[in-house]
S.K.: 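I am attaching a structure below and will ask some questions about it afterwards.
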Amino acid sequence: MTTEHDEELELPEQMRIRHDKRDKLAEQGREPYPVALPITATIAAVRAQFPDLEIDVQTGVSVGIAGRVIFVRNTGKLCFATLRSGDGTEIQAMLSLAKVGEEALEDWKALVDLGDHVFVSGEVITSKRGELSVLADSWAMAAKSLRPLPVSHKPMNDDSRIRQRYLDLIMRPEARQMAQTRVKAVGQIRQSLNDRGYLEIETPMLQTMHGGATARPFITSSNAFDLELYLRIAPELFLKRAVVGGMERVYEINRNFRNEGSDSTHSPEFAMLEFYQAYADYREMAKITREIIQEAAVAVFGSPLVTHMDGTQHDLSGEWREVSLYGSLSEAVGEDITPQTPRARLVELANAVDIAVAPNWVEGKIVEELFEHYVISTFDGQPTFVMDFPVDTSPLTRDHRTEAGKVEKWDLYINGYEQATGYSELVDPVIQRERLMAQAALGARGDDEAMKLDEDFLRALEHGMPPSGGVGIGVDRLLMTLTGLGIRETILFPLVKPERA
RNA sequence: GGGAUGCUAGCUCAAUGGUAGAGCUGCGGACUUUUAAUCCGUAGGUUCGGGGUUCGAGCCCCCGGCGUCCCA
């Protein structure tokens, strides 16, 4: 039988010591986790109030502040500590024998570790080196940390940073900045859409039928309803129902779930913005998309000039280039590729560049793969709208108004990544039914990514959906574009496998 | 899915198949102006898990776990 005491003995030495200090705090009448502290100011407020003090100044102003101890420099009769608040602002605490007395100073030295949250009450001064400081009259533990922090001057390894993001946030300003950048960008997206008369709505994450994209879903079930449920792969079909209902400008920013692998650009759960506007077409939606992304960049950087942490810059200002999918591919291949190009020729072209064509690939899928192989690298990172996709890969998109075999769909590429997609939405319920029937046939042939026939969605369309444009923007991808970081950095807590299986 | 590569002290990393080490952190001591403080002393290990080869395995082999990079 293992007692609690034995378990403590098995802890690493440094944790045992911190547990002991936690116990000692209580013995000395110092609560290790007090419920409240007489805080009078934030660290940021103190810094703001005294921005430019000379060296060795006494302000006569007394404050009570709290923060996490990130440096300690204990000497015999005068101790220094740097306290940092969650926003990253720092201030020095000084504890002198003369001010706090021998007992409080000895307690400080014996019981305070790097990583503890402490409270310090005293006068705002500057030290003889000019550092803005609070010269303590008293101190209190705000929250004892039982685990040592990583060393501050060596980078943590990526795995630990992601698994223990709280440590990353404590240790690395860039991690805090990333989290704030995301808040700024997403906040601006909402603002941009609200300003254009859009309503933000919430549609189901648990769905009885998944649709709106081609992807494998996560499957779960309801005990109460004895029902198989799917985590949504897209909100599209519900947002369109809202448009049918008369909500003519709607958007949603929320998580989608796709039961697929992850890499530097894919996460099983990812944030998606979708927005729909009645009486707009895909060109109008492209313009709004560009404006939203530019406005997000301005919100983060103050201008459409995006600057990554490594110093590389991308100019997102102005109009963005448009290329035609078939046209740019034809140019790259050196022969005319159209929706009428025979499948056999497409397969030859694909095989010539080592694209393995699966038997169930439709012609449009081969064209898109050829496009990705030949053309995307020529964009040179520049924001580019790729216009007019094959009809057979876009079952929810309206036929092109003049080009046979194509639909009014664009993909937006920035930095070589697919960033957004926009449609003139298919609103003809008869054609939509035919398209979804064709998808169901693919599904019956074993394509487990094919769309299902959603009768209620079709019923909604049969009530009449106004001509509409729709867009999906990957929020995590947008953050990647703005920061130059991988998707697992733009997501605060990405999915990681358990450490022990 | 294929290939390469990594996992060692709290953190970052060393270690021809032959006594597992360093820096920082920690602990003890000195220091009333420090900024990754300095100086003296000292502790800290199930080398990811399991099996195998060997007189002997952190290292070699096999199986598994978790990462990273490249390719598809």
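Remember, it's a predicted structure, so these values are computed and weren't measured experimentally. All chains are named by letter (A, B, ...) in the order of the sequence lines, taking the proteins before the strands, and each is independently numbered beginning at 1. Computed from heavy atoms alone, side chains included, the values below leave out hydrogens, waters and symmetry copies.
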S.K.: Using heavy atoms to find the nearest nucleotide of RNA chain B for H153(A) and G76(A) separately, return the residue whose nucleotide is more 5′.
M.R.: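 Upstream on the strand: G76(A).
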S.K.: Taking only the side-chain heavy atoms of F71(A) (C-beta and beyond), determine which of U32(B), A36(B), U33(B) contains the nearest atom.
M.R.: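 It is A36(B).
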S.K.: Between G28(B) atom P and N74(A) atom CG, what is the distance in whole Å?
M.R.: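 Distance check: N74(A) CG to G28(B) P gives 11 Å.
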S.K.: Does Q14(A) make a side-chain donor-acceptor contact with the base of G10(B), cut-off 3.5 Å?
M.R.: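 Such a pair is found, so the answer is yes.
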S.K.: Using atom CG of D263(A) as one end and atom P of C71(B) as the other, report the distance to the nearest whole Å.
M.R.: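 From D263(A) CG to C71(B) P: 12 Å.
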S.K.: Can you tell me, in whole Å, how much space there is between the C1' of U42(B) and that of G6(B)?
M.R.: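 After rounding to an integer number of Å, I get 33 Å for this pair.
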S.K.: With rounding to whole Å, what would you report as the distance between G29(B) and G50(B) at their P atoms?
M.R.: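 G29(B) and G50(B) have their P atoms separated by 40 Å.
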S.K.: Using Watson-Crick or G-U wobble geometry with both distances under 3.5 Å, which nucleotide pairs with C66(B)?
M.R.: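 G6(B) is the nucleotide pairing with C66(B).
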S.K.: Using atom P of each nucleotide, how far apart are U25(B) and G2(B) to the nearest Å?
M.R.: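 These two P atoms come out 45 Å apart once rounded.
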S.K.: It should be established whether R16(A) places a side-chain nitrogen or oxygen under 4.0 Å from OP1 or OP2 of nucleotide G44(B).
M.R.: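 So the side-chain polar atoms of R16(A) never come under 4.0 Å of the phosphate oxygens OP1 or OP2 of G44(B).
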S.K.: Within 45 degrees of the ring normal and closer than 6.0 Å to the centroid, is that where the cationic atom of R343(A) sits relative to W361(A)?
M.R.: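 The answer is no; the distance or angle limit is not met.
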S.K.: Who does U19(B) pair with, Watson-Crick or G-U, both distances under 3.5 Å?
M.R.: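 Pair assignment: U19(B) / none.
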S.K.: Report the distance from atom NE2 of H266(A) to atom C1' of A72(B), rounded to the nearest whole Å.
M.R.: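 Atom-to-atom, H266(A) to A72(B), this comes out as 14 Å.
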S.K.: L114(A) has an atom CG; how far is it from atom C1' of A37(B), in whole Å?
M.R.: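 Between C1' of A37(B) and CG of L114(A): 13 Å.
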S.K.: Determine which nucleotide pairs with C31(B), using a 3.5 Å limit on both distances of a Watson-Crick or G-U wobble pair.
M.R.: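 Its partner is none (no Watson-Crick or G-U wobble pair with both distances under 3.5 Å).
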S.K.: For atom P, what is the distance between C60(B) and U16(B), given to the nearest Å?
M.R.: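 That atom pair is separated by 11 Å.
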S.K.: Mind checking if A356(A) touches a base, just sugar-phosphate, or nothing, with heavy atoms under 4.0 Å?
M.R.: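 No contact at all - A356(A) keeps every heavy atom at 4.0 Å or more from the nucleic acid.
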S.K.: What's the shortest heavy-atom distance between C79(A) and L105(A), and which atoms?
M.R.: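 Scanning both residues completely, I find the closest heavy atoms to be SG-CD1, 3.8 Å.
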S.K.: For residues Y413(A) and E372(A), determine if any side-chain heavy atom of one lies less than 4.5 Å from a side-chain heavy atom of the other.
M.R.: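 Touching, per the 4.5 Å side-chain cut-off.
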S.K.: Short of 4.0 Å, heavy atom to strand atom, which residues of residues 155-177 of chain A count as contacting RNA chain B?
M.R.: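 Output list: P155(A), M156(A), N157(A), D159(A), R163(A).
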S.K.: Could you tell me whether S152(A) contacts a base, only the sugar-phosphate backbone, or nothing, with contacts defined as non-hydrogen atoms closer than 4.0 Å?
M.R.: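 S152(A): no heavy atom of the nucleic acid under 4.0 Å.
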S.K.: Can you tell me the base-pairing partner of C60(B)? Count Watson-Crick or G-U wobble geometry only, both distances below 3.5 Å, and say none if there is no partner.
M.R.: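 Here C60(B) is engaged in a pair, and the nucleotide opposite it is G52(B).
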S.K.: Would you say D336(A) and T338(A) are linked by a side-chain donor-acceptor pair, where the criterion is simply a distance under 3.5 Å?
M.R.: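 No pair is found: no donor N or O on one side chain lies under 3.5 Å from an acceptor on the other.
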S.K.: Any base atoms under 4.0 Å from D113(A), or only sugar-phosphate, or nothing? Heavy atoms, all strands.
M.R.: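 Sugar-phosphate contact only.
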S.K.: From the set U32(B), G10(B), A36(B), return the single nucleotide nearest to any side-chain atom of P148(A).
M.R.: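 Of U32(B), G10(B), A36(B), G10(B) is nearest to the side chain of P148(A).
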S.K.: When you measure from the side chain of E13(A), which nucleotide among U68(B), A43(B), U33(B) comes out closest?
M.R.: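 Out of U68(B), A43(B), U33(B), the nucleotide with an atom closest to E13(A)'s side chain is A43(B).
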S.K.: Kindly say if K77(A) contacts the phosphate of A30(B), meaning a side-chain N or O under 4.0 Å from OP1 or OP2.
M.R.: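 No, no such contact exists.
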S.K.: Is there a donor in the side chain of D137(A) and an acceptor in the side chain of S121(A), or the other way round, less than 3.5 Å apart?
M.R.: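 No donor-acceptor contact under 3.5 Å links the two side chains.
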S.K.: How would you list, by chain and number, every residue that makes a side chain to side chain contact (heavy atoms under 4.5 Å, CB included) with F50(A), sequence neighbours excluded?
M.R.: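 Checked F50(A) against side chain to side chain contact (heavy atoms under 4.5 Å, CB included); matches are V46(A), L53(A), T59(A), V61(A), V124(A), L132(A).
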S.K.: For the side chain of V151(A), counting heavy atoms from C-beta on, which of U32(B), U25(B), C66(B) is nearest?
M.R.: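 The nucleotide sitting nearest to the side chain is U25(B).
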S.K.: What nucleotide among C66(B), U25(B), U12(B) has an atom nearest to a side-chain atom of K154(A)?
M.R.: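 Closest nucleotide among those given: U12(B).
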S.K.: Roughly how far apart, to the nearest Å, are G49(B) and G41(B) at atom C1'?
M.R.: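 One C1' to the other, the span is 38 Å.
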S.K.: Honestly, is K409(A) close enough over Y423(A), meaning NZ or CZ under 6.0 Å from the six-membered ring centre and within 45° of the axis?
M.R.: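 No cation-pi geometry.
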S.K.: Please give the distance between the C1' atoms of C7(B) and C59(B) as a whole number of Å.
M.R.: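 The same atom, C1', in both gives a distance of 14 Å.
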S.K.: Return the value, rounded to whole Å, for the distance between atom CG of D56(A) and atom C1' of U32(B).
M.R.: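 Taking atom C1' of U32(B) as the reference, CG of D56(A) is at 12 Å.
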S.K.: Roughly how many Å is it from CZ in F80(A) to P in C31(B), rounded to a whole number?
M.R.: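 Checked: the CZ to P distance equals 15 Å.
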S.K.: What's the gap between U32(B) and C66(B) when it is taken at their C1' atoms, as a whole Å value?
M.R.: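 After rounding to an integer number of Å, I get 50 Å for this pair.
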S.K.: Have a look at L329(A) and tell me which of V386(A), V323(A), V367(A), L349(A) forms a side-chain contact (heavy atoms from CB on, under 4.5 Å) with it.
M.R.: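 Answer to the side-chain contact (heavy atoms from CB on, under 4.5 Å) test with L329(A) among V386(A), V323(A), V367(A), L349(A): V367(A).
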S.K.: Checking Q92(A) against R73(A): is there a side-chain donor and acceptor pair closer than 3.5 Å?
M.R.: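 Side-chain D/A pair, R73(A) to Q92(A): present.
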S.K.: Supply the atom-to-atom distance L370(A) CG to I355(A) CD1, rounded to the nearest 0.5 angstrom.
M.R.: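 Rounded to the nearest 0.5 Å, the CG-CD1 separation comes out at 4.5 Å.
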S.K.: I'd like the P distance from G51(B) over to G58(B), given in whole Å.
M.R.: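 G58(B) and G51(B) have their P atoms separated by 14 Å.
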S.K.: Who is the Watson-Crick or G-U wobble partner of G26(B), with both distances under 3.5 Å?
M.R.: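 Pairing partner, where one exists within any strand: U42(B).
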S.K.: Rounded to whole angstrom units, what separation is found between the CG atom of L149(A) and the P atom of A36(B)?
M.R.: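 The distance from CG of L149(A) to P of A36(B) comes to 16 Å, rounded to the nearest Å.
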S.K.: Specify the separation, in whole Å, of atom NZ of K109(A) and atom P of C27(B).
M.R.: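 Distance, rounded to whole Å: 13 Å.
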